[in-house]
Protein chains: 2
Amino acid sequence: MGSKERIQRLKEDTRINILDAALDIVKEDGWQALSMRKIADKIEYTAPIIYEYFSNKEGILMELTRQGYILLGKEIKKVKSEYTKADEQLEAMWTAYWNFAFKHKEFYQLMFGVDMNCCEQKKTMPEIDYVDNMFFDSIKDVMASEEPEEDLICRKYYTFWSIIHGLISINMVNKGRNEAMNQHILKDALKGIIKYINE
Amino acid sequence: MGSKERIQRLKEDTRINILDAALDIVKEDGWQALSMRKIADKIEYTAPIIYEYFSNKEGILMELTRQGYILLGKEIKKVKSEYTKADEQLEAMWTAYWNFAFKHKEFYQLMFGVDMNCCEQKKTMPEIDYVDNMFFDSIKDVMASEEPEEDLICRKYYTFWSIIHGLISINMVNKGRNEAMNQHILKDALKGIIKYINE
DNA sequence: TAAATAATCTAACACCGTTAAGCAAATTTA
DNA sequence: TAAATTTGCTTAACGGTGTTAGATTATTTA
(Lines give C-alpha, C1' and ligand atoms only; values in the text may rest on other atoms or scores of the structure.)
Protein backbone atom coordinates (compact mmCIF):
# COMPACT_ATOMS: atom_id res chain seq x y z
CA MET A 1 0.00 0.00 0.00
CA GLY A 2 3.04 2.28 -0.22
CA SER A 3 1.99 2.87 -3.82
CA LYS A 4 -0.33 5.61 -2.54
CA GLU A 5 2.66 7.76 -1.86
CA ARG A 6 4.28 6.87 -5.16
CA ILE A 7 1.14 7.96 -6.96
CA GLN A 8 1.00 11.11 -4.84
CA ARG A 9 4.57 11.81 -5.88
CA LEU A 10 3.66 11.26 -9.53
CA LYS A 11 0.79 13.72 -9.20
CA GLU A 12 3.12 16.30 -7.75
CA ASP A 13 5.45 15.61 -10.64
CA THR A 14 2.89 16.44 -13.26
CA ARG A 15 1.96 19.56 -11.31
CA ILE A 16 5.55 20.64 -11.60
CA ASN A 17 5.63 19.54 -15.22
CA ILE A 18 2.69 21.80 -15.97
CA LEU A 19 4.48 24.79 -14.47
CA ASP A 20 7.73 23.94 -16.24
CA ALA A 21 5.96 23.48 -19.55
CA ALA A 22 4.23 26.82 -19.14
CA LEU A 23 7.52 28.55 -18.42
CA ASP A 24 9.16 26.85 -21.41
CA ILE A 25 6.46 28.08 -23.74
CA VAL A 26 6.72 31.60 -22.38
CA LYS A 27 10.51 31.61 -22.67
CA GLU A 28 10.23 30.53 -26.28
CA ASP A 29 7.35 32.65 -27.52
CA GLY A 30 6.28 35.04 -24.76
CA TRP A 31 3.29 35.25 -22.45
CA GLN A 32 0.96 35.86 -25.33
CA ALA A 33 1.67 32.41 -26.73
CA LEU A 34 0.80 30.58 -23.52
CA SER A 35 -2.31 28.43 -23.83
CA MET A 36 -3.78 25.51 -21.94
CA ARG A 37 -3.67 23.30 -25.02
CA LYS A 38 0.00 24.03 -25.64
CA ILE A 39 0.84 23.19 -22.06
CA ALA A 40 -1.11 19.97 -22.41
CA ASP A 41 0.74 19.12 -25.63
CA LYS A 42 4.08 19.62 -23.92
CA ILE A 43 3.28 17.34 -20.99
CA GLU A 44 1.63 14.85 -23.36
CA TYR A 45 -1.86 15.11 -21.98
CA THR A 46 -5.04 16.78 -23.14
CA ALA A 47 -6.06 20.18 -21.86
CA PRO A 48 -8.79 19.22 -19.35
CA ILE A 49 -6.49 17.33 -16.97
CA ILE A 50 -4.68 20.57 -16.19
CA TYR A 51 -7.86 21.60 -14.38
CA GLU A 52 -7.26 18.83 -11.87
CA TYR A 53 -4.08 20.56 -10.81
CA PHE A 54 -5.05 24.20 -11.23
CA SER A 55 -8.49 25.74 -11.06
CA ASN A 56 -7.87 27.70 -14.26
CA LYS A 57 -5.21 29.50 -16.28
CA GLU A 58 -4.96 32.28 -13.74
CA GLY A 59 -4.17 29.64 -11.14
CA ILE A 60 -1.07 28.71 -13.10
CA LEU A 61 -0.12 32.36 -13.49
CA MET A 62 -0.55 32.92 -9.76
CA GLU A 63 1.66 29.97 -8.87
CA LEU A 64 4.37 31.14 -11.27
CA THR A 65 4.13 34.60 -9.73
CA ARG A 66 4.69 33.04 -6.31
CA GLN A 67 7.69 31.13 -7.57
CA GLY A 68 9.04 34.33 -9.06
CA TYR A 69 8.86 36.08 -5.72
CA ILE A 70 10.55 33.16 -4.00
CA LEU A 71 13.38 33.32 -6.51
CA LEU A 72 13.71 37.08 -6.16
CA GLY A 73 13.67 36.76 -2.38
CA LYS A 74 16.51 34.26 -2.45
CA GLU A 75 18.73 36.32 -4.70
CA ILE A 76 18.21 39.47 -2.70
CA LYS A 77 18.85 37.70 0.57
CA LYS A 78 22.08 36.31 -0.83
CA VAL A 79 23.60 39.60 -1.87
CA LYS A 80 22.45 41.26 1.33
CA SER A 81 24.43 38.75 3.36
CA GLU A 82 27.59 39.72 1.48
CA TYR A 83 27.68 43.19 3.02
CA THR A 84 27.51 44.56 6.52
CA LYS A 85 27.11 48.31 6.01
CA ALA A 86 23.47 49.19 5.49
CA ASP A 87 23.98 51.47 2.51
CA GLU A 88 26.15 48.94 0.75
CA GLN A 89 23.54 46.30 1.41
CA LEU A 90 20.84 48.47 -0.05
CA GLU A 91 22.76 49.23 -3.21
CA ALA A 92 23.54 45.54 -3.68
CA MET A 93 19.92 44.59 -3.10
CA TRP A 94 18.61 46.99 -5.69
CA THR A 95 21.26 45.87 -8.12
CA ALA A 96 20.17 42.30 -7.54
CA TYR A 97 16.60 43.36 -8.17
CA TRP A 98 17.72 44.95 -11.42
CA ASN A 99 19.64 41.85 -12.45
CA PHE A 100 16.71 39.62 -11.62
CA ALA A 101 14.47 41.56 -13.95
CA PHE A 102 16.66 40.75 -16.92
CA LYS A 103 17.90 37.33 -15.91
CA HIS A 104 14.34 36.18 -15.33
CA LYS A 105 12.57 38.45 -17.73
CA GLU A 106 9.46 36.30 -17.96
CA PHE A 107 9.03 36.22 -14.20
CA TYR A 108 9.52 39.95 -13.93
CA GLN A 109 6.95 40.60 -16.63
CA LEU A 110 4.47 38.40 -14.84
CA MET A 111 5.21 39.88 -11.43
CA PHE A 112 5.15 43.55 -12.39
CA GLY A 113 3.59 43.78 -15.84
CA VAL A 114 0.96 46.45 -15.55
CA ASP A 115 -1.87 44.86 -17.45
CA MET A 116 -1.07 41.18 -17.11
CA ASN A 117 -4.49 40.58 -15.45
CA CYS A 118 -4.09 38.38 -12.33
CA CYS A 119 -3.78 41.30 -9.93
CA GLU A 120 -6.56 40.59 -7.47
CA GLN A 121 -5.32 38.01 -5.02
CA LYS A 122 -1.77 39.34 -5.14
CA LYS A 123 -2.24 41.30 -1.95
CA THR A 124 -2.51 38.20 0.21
CA MET A 125 0.75 36.59 -0.84
CA PRO A 126 3.32 36.28 1.95
CA GLU A 127 6.09 35.87 -0.60
CA ILE A 128 5.49 39.45 -1.65
CA ASP A 129 5.61 40.69 1.92
CA TYR A 130 8.86 38.85 2.39
CA VAL A 131 10.61 40.85 -0.32
CA ASP A 132 8.95 44.09 0.71
CA ASN A 133 10.03 43.64 4.29
CA MET A 134 13.65 43.09 3.39
CA PHE A 135 13.82 46.39 1.58
CA PHE A 136 11.86 48.00 4.35
CA ASP A 137 14.30 46.80 6.99
CA SER A 138 17.30 47.91 5.00
CA ILE A 139 15.97 51.38 4.52
CA LYS A 140 15.22 51.55 8.22
CA ASP A 141 18.82 50.56 8.89
CA VAL A 142 20.17 53.26 6.63
CA MET A 143 18.05 55.82 8.43
CA ALA A 144 18.81 54.36 11.83
CA SER A 145 20.15 57.60 13.24
CA GLU A 146 16.84 59.41 12.84
CA GLU A 147 14.34 56.96 14.31
CA PRO A 148 12.20 57.17 11.18
CA GLU A 149 8.44 56.80 11.19
CA GLU A 150 6.85 53.86 9.39
CA ASP A 151 5.22 56.23 6.94
CA LEU A 152 8.45 57.91 5.96
CA ILE A 153 10.16 54.60 5.28
CA CYS A 154 7.24 53.57 3.14
CA ARG A 155 7.56 56.72 1.08
CA LYS A 156 11.27 56.27 0.61
CA TYR A 157 10.71 52.68 -0.40
CA TYR A 158 8.11 53.57 -2.98
CA THR A 159 10.25 56.31 -4.42
CA PHE A 160 13.18 53.95 -4.62
CA TRP A 161 11.17 51.20 -6.22
CA SER A 162 9.71 53.65 -8.69
CA ILE A 163 13.03 54.63 -10.13
CA ILE A 164 14.17 51.07 -10.60
CA HIS A 165 10.86 49.85 -11.95
CA GLY A 166 10.62 52.82 -14.26
CA LEU A 167 14.10 52.24 -15.62
CA ILE A 168 13.28 48.62 -16.22
CA SER A 169 10.07 49.50 -17.98
CA ILE A 170 11.91 51.80 -20.33
CA ASN A 171 14.48 49.14 -20.95
CA MET A 172 11.82 46.60 -21.80
CA VAL A 173 9.95 48.84 -24.17
CA ASN A 174 13.07 50.00 -26.02
CA LYS A 175 14.45 46.58 -25.38
CA GLY A 176 18.20 46.57 -25.05
CA ARG A 177 18.62 49.85 -26.92
CA ASN A 178 21.58 51.75 -25.51
CA GLU A 179 22.38 49.34 -22.73
CA ALA A 180 25.39 51.39 -21.61
CA MET A 181 23.36 54.49 -20.96
CA ASN A 182 20.80 52.60 -18.93
CA GLN A 183 23.53 51.19 -16.72
CA HIS A 184 24.81 54.72 -16.25
CA ILE A 185 21.36 55.93 -15.29
CA LEU A 186 20.92 53.07 -12.86
CA LYS A 187 24.13 53.90 -11.06
CA ASP A 188 23.28 57.58 -10.97
CA ALA A 189 19.83 56.85 -9.64
CA LEU A 190 21.06 54.45 -6.96
CA LYS A 191 23.66 56.90 -5.68
CA GLY A 192 21.21 59.74 -5.73
CA ILE A 193 18.47 57.94 -3.95
CA ILE A 194 20.69 56.60 -1.21
CA LYS A 195 21.89 60.10 -0.61
CA TYR A 196 18.27 61.23 -0.61
CA ILE A 197 17.38 58.71 2.03
CA ASN A 198 19.96 60.21 4.34
CA GLU A 199 18.64 63.72 4.01
CA MET B 1 -21.55 64.94 -57.90
CA GLY B 2 -20.79 66.56 -54.55
CA SER B 3 -22.16 63.38 -52.99
CA LYS B 4 -18.68 61.89 -53.26
CA GLU B 5 -17.59 64.16 -50.49
CA ARG B 6 -20.69 63.49 -48.43
CA ILE B 7 -20.02 59.77 -48.66
CA GLN B 8 -16.38 60.36 -47.83
CA ARG B 9 -17.49 62.27 -44.75
CA LEU B 10 -19.78 59.41 -43.73
CA LYS B 11 -16.90 56.98 -44.05
CA GLU B 12 -14.75 59.16 -41.86
CA ASP B 13 -17.61 59.25 -39.38
CA THR B 14 -17.74 55.48 -39.01
CA ARG B 15 -13.96 55.44 -38.68
CA ILE B 16 -14.32 57.76 -35.73
CA ASN B 17 -17.26 55.73 -34.46
CA ILE B 18 -15.08 52.64 -34.43
CA LEU B 19 -12.45 54.38 -32.34
CA ASP B 20 -15.04 55.85 -30.00
CA ALA B 21 -16.78 52.51 -29.58
CA ALA B 22 -13.45 50.85 -28.80
CA LEU B 23 -12.67 53.45 -26.17
CA ASP B 24 -16.14 53.11 -24.65
CA ILE B 25 -15.74 49.37 -24.29
CA VAL B 26 -12.31 49.78 -22.72
CA LYS B 27 -13.56 52.43 -20.31
CA GLU B 28 -16.37 50.12 -19.24
CA ASP B 29 -14.60 46.79 -19.01
CA GLY B 30 -10.90 47.29 -19.64
CA TRP B 31 -8.56 46.50 -22.51
CA GLN B 32 -9.03 42.79 -22.00
CA ALA B 33 -12.70 43.09 -22.95
CA LEU B 34 -12.05 44.80 -26.26
CA SER B 35 -12.98 42.67 -29.25
CA MET B 36 -13.75 43.31 -32.89
CA ARG B 37 -17.20 41.82 -32.54
CA LYS B 38 -18.07 44.06 -29.59
CA ILE B 39 -16.95 47.13 -31.49
CA ALA B 40 -19.07 46.02 -34.43
CA ASP B 41 -22.07 45.53 -32.14
CA LYS B 42 -21.68 49.02 -30.75
CA ILE B 43 -21.57 50.71 -34.14
CA GLU B 44 -24.36 48.41 -35.37
CA TYR B 45 -22.40 46.65 -38.05
CA THR B 46 -20.84 43.21 -38.32
CA ALA B 47 -17.19 42.63 -37.52
CA PRO B 48 -15.73 42.34 -41.05
CA ILE B 49 -16.47 45.92 -42.08
CA ILE B 50 -14.04 47.17 -39.44
CA TYR B 51 -11.33 45.74 -41.65
CA GLU B 52 -12.24 48.29 -44.29
CA TYR B 53 -11.18 51.02 -41.92
CA PHE B 54 -8.33 49.36 -40.06
CA SER B 55 -6.04 46.60 -41.24
CA ASN B 56 -6.54 44.70 -38.00
CA LYS B 57 -7.07 45.08 -34.27
CA GLU B 58 -3.54 46.35 -33.75
CA GLY B 59 -4.30 49.08 -36.26
CA ILE B 60 -7.04 50.34 -33.97
CA LEU B 61 -4.72 50.14 -30.98
CA MET B 62 -2.05 52.07 -32.85
CA GLU B 63 -4.45 54.84 -33.81
CA LEU B 64 -5.67 55.14 -30.23
CA THR B 65 -2.06 55.29 -29.08
CA ARG B 66 -1.46 58.15 -31.50
CA GLN B 67 -4.51 59.99 -30.22
CA GLY B 68 -3.30 59.48 -26.68
CA TYR B 69 0.01 61.11 -27.49
CA ILE B 70 -1.70 64.01 -29.19
CA LEU B 71 -3.83 64.55 -26.09
CA LEU B 72 -0.84 64.29 -23.77
CA GLY B 73 1.10 66.68 -25.97
CA LYS B 74 -1.65 69.26 -25.80
CA GLU B 75 -2.00 69.16 -22.04
CA ILE B 76 1.71 69.42 -21.47
CA LYS B 77 2.06 72.28 -23.89
CA LYS B 78 -0.74 74.10 -22.11
CA VAL B 79 0.75 73.97 -18.63
CA LYS B 80 4.18 74.79 -19.98
CA SER B 81 2.86 78.04 -21.38
CA GLU B 82 1.64 79.05 -17.94
CA TYR B 83 5.15 79.44 -16.56
CA THR B 84 8.27 81.21 -17.64
CA LYS B 85 10.96 79.90 -15.32
CA ALA B 86 12.37 76.67 -16.66
CA ASP B 87 12.25 74.74 -13.40
CA GLU B 88 8.67 75.75 -12.75
CA GLN B 89 7.78 74.71 -16.27
CA LEU B 90 9.38 71.34 -15.77
CA GLU B 91 7.58 70.65 -12.53
CA ALA B 92 4.27 71.67 -14.07
CA MET B 93 4.90 69.48 -17.09
CA TRP B 94 5.63 66.41 -15.04
CA THR B 95 2.62 67.08 -12.90
CA ALA B 96 0.52 67.32 -16.03
CA TYR B 97 1.98 64.03 -17.17
CA TRP B 98 1.02 62.52 -13.84
CA ASN B 99 -2.50 63.91 -14.05
CA PHE B 100 -2.88 62.66 -17.60
CA ALA B 101 -2.09 59.13 -16.51
CA PHE B 102 -5.04 59.06 -14.14
CA LYS B 103 -7.43 61.26 -16.04
CA HIS B 104 -6.96 59.15 -19.15
CA LYS B 105 -6.10 55.88 -17.53
CA GLU B 106 -6.98 53.79 -20.58
CA PHE B 107 -4.76 55.86 -22.85
CA TYR B 108 -1.89 55.70 -20.43
CA GLN B 109 -2.19 51.94 -20.12
CA LEU B 110 -2.16 51.61 -23.87
CA MET B 111 0.72 54.04 -24.34
CA PHE B 112 3.01 52.74 -21.61
CA GLY B 113 1.65 49.34 -20.60
CA VAL B 114 4.64 47.08 -20.60
CA ASP B 115 3.21 44.01 -22.27
CA MET B 116 0.35 45.46 -24.29
CA ASN B 117 1.81 44.04 -27.55
CA CYS B 118 1.77 46.73 -30.27
CA CYS B 119 5.31 47.93 -29.55
CA GLU B 120 6.97 47.53 -32.93
CA GLN B 121 6.04 50.53 -35.04
CA LYS B 122 5.98 52.85 -32.04
CA LYS B 123 9.45 54.13 -32.81
CA THR B 124 8.37 55.83 -35.98
CA MET B 125 5.58 57.94 -34.50
CA PRO B 126 6.22 61.68 -34.65
CA GLU B 127 3.64 62.25 -31.92
CA ILE B 128 5.96 60.46 -29.53
CA ASP B 129 8.93 62.55 -30.58
CA TYR B 130 6.87 65.67 -30.03
CA VAL B 131 6.34 64.90 -26.35
CA ASP B 132 9.89 63.65 -25.87
CA ASN B 133 11.31 66.80 -27.37
CA MET B 134 9.34 69.08 -25.10
CA PHE B 135 10.77 67.44 -22.02
CA PHE B 136 14.15 67.37 -23.64
CA ASP B 137 14.06 71.11 -24.31
CA SER B 138 12.90 71.91 -20.81
CA ILE B 139 15.66 69.93 -19.21
CA LYS B 140 18.14 71.64 -21.47
CA ASP B 141 16.75 74.99 -20.31
CA VAL B 142 17.11 74.07 -16.67
CA MET B 143 20.71 73.08 -17.28
CA ALA B 144 21.35 76.08 -19.50
CA SER B 145 24.27 77.34 -17.45
CA GLU B 146 26.37 74.27 -18.06
CA GLU B 147 26.04 73.77 -21.83
CA PRO B 148 25.02 70.16 -21.34
CA GLU B 149 25.82 67.37 -23.77
CA GLU B 150 22.99 65.62 -25.58
CA ASP B 151 23.86 62.40 -23.81
CA LEU B 152 23.62 63.90 -20.36
CA ILE B 153 20.22 65.41 -21.05
CA CYS B 154 19.04 62.06 -22.29
CA ARG B 155 20.17 60.40 -19.10
CA LYS B 156 18.47 63.00 -16.93
CA TYR B 157 15.32 62.64 -18.95
CA TYR B 158 15.26 58.88 -18.60
CA THR B 159 15.88 59.07 -14.88
CA PHE B 160 13.13 61.61 -14.53
CA TRP B 161 10.71 59.61 -16.58
CA SER B 162 11.54 56.49 -14.63
CA ILE B 163 10.48 57.95 -11.32
CA ILE B 164 7.18 59.18 -12.63
CA HIS B 165 6.44 56.09 -14.61
CA GLY B 166 7.41 53.88 -11.72
CA LEU B 167 5.18 55.77 -9.32
CA ILE B 168 2.32 55.46 -11.72
CA SER B 169 2.89 51.75 -12.16
CA ILE B 170 2.79 51.23 -8.43
CA ASN B 171 -0.32 53.29 -8.19
CA MET B 172 -2.03 51.27 -10.85
CA VAL B 173 -1.17 47.92 -9.34
CA ASN B 174 -2.24 48.93 -5.83
CA LYS B 175 -4.87 51.02 -7.46
CA GLY B 176 -5.79 54.03 -5.42
CA ARG B 177 -4.48 52.62 -2.16
CA ASN B 178 -3.12 55.41 0.00
CA GLU B 179 -3.55 58.19 -2.48
CA ALA B 180 -2.23 60.79 -0.06
CA MET B 181 1.10 59.06 0.32
CA ASN B 182 1.56 58.76 -3.41
CA GLN B 183 0.99 62.46 -3.82
CA HIS B 184 3.60 63.06 -1.16
CA ILE B 185 6.05 60.80 -2.93
CA LEU B 186 5.43 62.52 -6.22
CA LYS B 187 6.20 65.92 -4.77
CA ASP B 188 9.30 64.62 -3.03
CA ALA B 189 10.50 62.97 -6.19
CA LEU B 190 9.89 66.01 -8.35
CA LYS B 191 11.76 68.32 -6.00
CA GLY B 192 14.58 65.85 -5.64
CA ILE B 193 15.04 65.25 -9.30
CA ILE B 194 14.99 68.91 -10.24
CA LYS B 195 17.68 69.52 -7.68
CA TYR B 196 19.55 66.57 -9.11
CA ILE B 197 19.42 68.05 -12.59
CA ASN B 198 21.16 71.16 -11.32
CA GLU B 199 24.05 69.31 -9.72
C1' DT C 1 -14.01 -12.33 -11.79
C1' DA C 2 -17.32 -8.41 -10.92
C1' DA C 3 -18.10 -3.94 -9.08
C1' DA C 4 -16.32 0.44 -7.90
C1' DT C 5 -13.22 4.01 -8.48
C1' DA C 6 -9.80 6.72 -10.61
C1' DA C 7 -7.59 8.59 -14.69
C1' DT C 8 -8.01 10.30 -18.98
C1' DC C 9 -10.07 11.65 -23.36
C1' DT C 10 -13.68 13.30 -26.72
C1' DA C 11 -16.91 16.57 -27.75
C1' DA C 12 -18.89 20.55 -27.10
C1' DC C 13 -19.85 25.64 -25.80
C1' DA C 14 -18.96 30.27 -26.33
C1' DC C 15 -15.83 33.24 -27.35
C1' DC C 16 -11.68 35.37 -30.18
C1' DG C 17 -9.23 37.61 -34.82
C1' DT C 18 -9.54 37.20 -39.52
C1' DT C 19 -10.76 35.97 -44.41
C1' DA C 20 -13.58 34.48 -48.40
C1' DA C 21 -17.71 34.19 -50.71
C1' DG C 22 -22.05 35.89 -51.75
C1' DC C 23 -26.04 38.89 -51.94
C1' DA C 24 -28.67 42.93 -52.79
C1' DA C 25 -28.97 47.57 -53.63
C1' DA C 26 -27.04 51.53 -55.82
C1' DT C 27 -24.52 53.39 -59.44
C1' DT C 28 -22.43 53.67 -63.84
C1' DT C 29 -22.23 52.49 -68.58
C1' DA C 30 -24.07 51.45 -73.24
C1' DT D 1 -34.14 52.22 -70.33
C1' DA D 2 -31.49 47.77 -69.82
C1' DA D 3 -27.26 45.70 -68.77
C1' DA D 4 -23.03 45.75 -66.39
C1' DT D 5 -20.47 47.00 -62.64
C1' DT D 6 -19.38 48.68 -58.39
C1' DT D 7 -20.44 49.40 -53.42
C1' DG D 8 -21.88 48.13 -48.80
C1' DC D 9 -22.67 44.80 -46.05
C1' DT D 10 -23.65 40.04 -44.30
C1' DT D 11 -23.18 35.10 -43.66
C1' DA D 12 -20.25 31.39 -43.08
C1' DA D 13 -16.20 29.59 -42.13
C1' DC D 14 -11.16 28.60 -40.32
C1' DG D 15 -8.31 27.95 -36.65
C1' DG D 16 -7.48 29.51 -32.33
C1' DT D 17 -8.71 30.46 -27.15
C1' DG D 18 -10.51 28.96 -21.91
C1' DT D 19 -13.49 25.84 -19.88
C1' DT D 20 -17.01 22.15 -18.75
C1' DA D 21 -19.79 17.76 -19.14
C1' DG D 22 -20.06 13.23 -20.43
C1' DA D 23 -18.12 9.07 -22.12
C1' DT D 24 -14.43 5.89 -21.99
C1' DT D 25 -10.68 3.40 -20.47
C1' DA D 26 -7.66 1.66 -16.91
C1' DT D 27 -6.90 0.48 -12.19
C1' DT D 28 -8.06 -0.92 -7.69
C1' DT D 29 -11.00 -3.19 -4.48
C1' DA D 30 -14.19 -6.81 -2.84
Side-chain angles (χ1 to χ4, degrees), chain A residues 1-19 21-22 24-26 28-65 110 115-121, chain B residues 1-19 21-22 24-26 28-65 110 115-121:
Chain A
M1 299 283 187
S3 64
K4 269 271 167 65
E5 289 136 31
R6 197 200 66 231
I7 284 166
Q8 186 58 30
R9 238 182 303 126
L10 278 175
K11 282 210 92 178
E12 273 162 30
D13 273 5
T14 62
R15 204 188 121 91
I16 290 167
N17 286 343
I18 289 170
L19 295 169
D24 278 358
I25 292 162
V26 173
E28 271 176 45
D29 301 311
W31 286 104
Q32 213 180 11
L34 184 64
S35 84
M36 299 302 256
R37 284 176 174 85
K38 280 183 199 156
I39 294 173
D41 266 17
K42 210 148 213 171
I43 61 170
E44 294 180 301
Y45 278 108
T46 51
I49 59 122
I50 301 177
Y51 291 85
E52 287 181 16
Y53 297 88
F54 298 93
S55 63
N56 51 30
K57 194 183 180 185
E58 185 158 339
I60 297 175
L61 262 36
M62 284 297 291
E63 180 54 29
L64 286 174
T65 303
L110 180 63
D115 80 313
M116 190 138 264
N117 6 355
C118 89
C119 290
E120 273 84 280
Q121 300 165 262
Chain B
M1 297 283 186
S3 64
K4 268 271 168 64
E5 287 137 31
R6 199 200 64 231
I7 284 166
Q8 186 59 29
R9 239 182 302 124
L10 278 176
K11 283 210 90 178
E12 272 162 30
D13 272 4
T14 63
R15 203 189 120 92
I16 289 167
N17 285 343
I18 289 170
L19 295 169
D24 278 358
I25 292 163
V26 173
E28 271 177 45
D29 301 311
W31 286 103
Q32 213 179 11
L34 184 64
S35 82
M36 299 302 256
R37 284 177 174 86
K38 280 184 199 156
I39 294 172
D41 266 17
K42 209 145 215 171
I43 61 169
E44 294 179 301
Y45 279 109
T46 51
I49 58 121
I50 300 177
Y51 292 86
E52 287 179 16
Y53 298 87
F54 298 93
S55 62
N56 52 28
K57 193 181 179 184
E58 185 158 340
I60 297 175
L61 262 38
M62 283 298 292
E63 180 53 28
L64 287 175
T65 303
L110 181 61
D115 78 314
M116 191 138 264
N117 4 350
C118 86
C119 290
E120 272 85 280
Q121 299 164 260

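As the structure is a prediction and not an experimental result, all values here were calculated from the model. Order of the sequence lines sets the chain letters (A, B, ...), proteins ahead of strands, with each chain counted from 1.
Side chain of A/Met36, nearest nucleotide from D/dG18, C/dT19, C/dT10: D/dG18. The side chain of A/Arg37 sits closest to D/dG18 out of D/dC9, D/dG18, C/dC16. Between C/dT8, D/dC9, C/dC16, one nucleotide has an atom nearer to the side chain of B/Glu52 than all others, and that is D/dC9.
At a threshold of 4.0 angstrom between heavy atoms, the contacts of A/Ile60 with the nucleic acid are absent.
Rounded to a whole Å, the NZ atom of A/Lys57 is 14 Å from the P atom of D/dT20. One can place CZ of B/Phe54 at 16 Å from C1' of C/dT18, the figure rounded to the nearest angstrom. Taking atom OH of residue A/Tyr45 and atom P of nucleotide D/dA26, one finds them 14 Å apart after rounding to whole Å. Separating the OH atom of B/Tyr53 from the P atom of D/dC9 is a distance of 6 Å, rounded to the nearest angstrom. One atom, CG of B/Asp41, and another, C1' of D/dT10, lie 14 Å apart when rounded to the nearest Å. Nucleotide D/dT17 holds its P atom 11 Å from the CD1 atom of A/Ile50, rounded to whole Å. Summarising the geometry, the separation between CD1 on B/Ile49 and C1' on C/dT19 is reported as 15 Å, rounded to the nearest angstrom. Rounded to a whole Å, the CD atom of B/Gln32 is 16 Å from the P atom of D/dT17.
A distance of 12.0 Å separates CD1 in B/Ile39 from CZ in B/Arg37, rounded to the nearest 0.5 Å. Between the OG atom in B/Ser35 and the CG atom in B/Asp29 there is a gap of 10.5 Å [rounded to 0.5 Å].
Listed pair B/Ser35 / C/dG17 meets the phosphate criterion, a side-chain N or O lying under 4.0 Å from OP1 or OP2. OP1 and OP2 of D/dT20 both lie 4.0 Å or more from every side-chain N or O belonging to A/Tyr51.
The two residues A/Ala40 and A/Ile50 have their closest heavy-atom pair at N-CD1, 3.9 Å.
For B/Arg15 and B/Glu52, the salt-bridge test fails: no basic side-chain N is under 4.0 Å from an acidic carboxylate O.
Judged by distance alone, the side chain of B/Lys57 and the main-chain N or O of B/Leu34 form a donor-acceptor pair under 3.5 Å.
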